[in-house]
Number of protein chains: 2
Amino acid sequence: MKINNEDLKKMFYDKCAERGLKITPQRSVIFDELVKATDHPTADAIYKRVRKTLSNISFDTVYRTLLSFTELGLVNLVEGTGEQKRFEPNLRHHHHFRCIKCYTIYDFENDAYNDIAVPEAVQRQGVIINKRVVLEGICSRCKGK
Amino acid sequence: MKINNEDLKKMFYDKCAERGLKITPQRSVIFDELVKATDHPTADAIYKRVRKTLSNISFDTVYRTLLSFTELGLVNLVEGTGEQKRFEPNLRHHHHFRCIKCYTIYDFENDAYNDIAVPEAVQRQGVIINKRVVLEGICSRCKGK
DNA sequence: CACTATATAGTAATCATTACTATTTGTAAA
DNA sequence: TTTACAAATAGTAATGATTACTATATAGTG
């Protein structure tokens, strides 16, 4: 199922309306850049791309907009990024459940997950050193609040 | 198979010897703290813990030591952490191959991965919103260098 | 078209990370 | 042992990412 640009634009308008966010040129241009992106851009990368259209947009606007788009679910944050470096003393093969509210990481072991096969296509892209399943959600502690 | 503290100490000495790293009190204490840790501490958290034993150790030493331990494989870095926030415009269910050298993230789709079951134990720990397989390794581009 | 809550540009403050330097120390060889 | 010196450290500074602030501008409603 292919999602076309019309659908995306509609989603953008709907989600903004839902939360009472105004449709500004800045937000529109940032959204368009996200739709075009095939990578996982940083705020600064988006800022640079957007400035080609809106030459005097501020970094702050881009950054805040990306964060609000993330809340709206128009874009996701790649797991872990933007957090402080975290060191993992547990060297056993294990997997993660991450809470997206408090950023706590819960380790768990699972044989089925350990055994997942690496797809051919990925094997051709590089050498795999580590396989991990990352489950994201809201932990019980945060759910209670 | 349980790994005991003797084995860990030996691994510490061996890995340091292998790379010509001196065994300093600072490194020993930092290693001990890592072995004790059951969480995914930040450099600052380790710094605070280590200061209880070595009250005037500098943050820089802790930080550098953690990075060198990471290179030695005595500890791992939780995927993504320490990197700039990265935004993911691709809303389709997909998975990641991350290069640990250049930090590039390659998206791929895989039905088998989409269908993995969430273990009972994890379901009790919270509500799962996203399931992703994260493969880490070295991409062809970096391998060539 | 006017009003007002919201958004913006420009900039400053904060925090994490990394770099630097003078001094100290682990370790190998005498 | 003692000595010599490469490597490591403490203390601190520089950099870079993120977040906060404020006066001005504007989207969208009535």
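As a basis for the values below, the full set of heavy atoms in this structure was taken, side chains included, without hydrogen atoms, waters or symmetry mates. First the proteins, then the strands, lettered A, B, ... as listed; each starts at 1.
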Handout entry: 5′-ward residue of the pair B:D60/A:S58 relative to DNA chain C
Key = A:S58
Handout entry: Listed nucleotide nearest any side-chain atom of A:F59, set D:dT18, C:dT8, D:dA10
Key = D:dT18
Problem - Backbone N/O of A:R51 and side chain of A:S55: donor-acceptor pair under 3.5 Å - result: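 No, A:S55 side chain to A:R51 backbone: no donor-acceptor pair under 3.5 Å.
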Exercise for the section: Please check the phosphate of C:dA7 (OP1 and OP2 only) for any side-chain N or O of A:R64 closer than 4.0 Å. Expected result: no
Rounded to the Å, how far apart are [X] [atom1] and [N] [atom2]?
X	N	atom1	atom2	value
B:N56	D:dT12	CG	C1'	14 Å
A:Y47	C:dT8	OH	C1'	13 Å
A:L77	D:dA17	CG	P	16 Å
B:F87	D:dT18	CZ	C1'	11 Å
B:I46	C:dA16	CD1	C1'	16 Å
A:R27	C:dA9	CZ	P	11 Å
A:R19	D:dA27	CZ	C1'	19 Å
A:L67	D:dA17	CG	P	16 Å

Handout entry: Nearest-nucleotide 5' precedence on DNA chain D, B:I57 against B:K85
Key =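 The 5'-side residue here is B:I57.
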Exercise for the section: Identify the residue among A:E136, A:R98, A:E79 that makes a side-chain hydrogen bond (donor to acceptor under 3.5 Å, both in side chains) with B:N130. Expected result: A:E136
Output one line per pair: protein atom, nucleotide atom from nucleotides 25-27 of chain C, and distance, for all N/O pairs under 3.5 Å.
from, atom 1, to, atom 2, distance (Å)
C:dT27, OP1, B:I23, N, 2.8

Problem - Electrostatic pair A:R132-A:E88, nearest N-O below 4.0 angstrom - result: yes
Handout entry: Side chains of A:F69 and A:R27 in contact at under 4.5 Å (non-hydrogen atoms)
Key =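 The answer is yes, as the side chains (C-beta and beyond) meet within the 4.5 Å cut-off.
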Problem - Residues, nucleotides or ligands: over 12 heavy atoms within 6.0 Å of B:K9 NZ - result: yes
Fill in the blank from the handout: Sequence neighbours excluded, the answer for salt bridge (charged side-chain N to carboxylate O under 4.0 Å, His left out) partners of B:E18 is none
Practice task
Assign the ring pair B:H94 / A:H40 to parallel, tilted or perpendicular, where the plane angle (0 to 90°) is split at 30° and 60°.
Solution key: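 Taking A:H40 first and then B:H94, their aromatic rings sit tilted (interplane angle of 30° to 60°).
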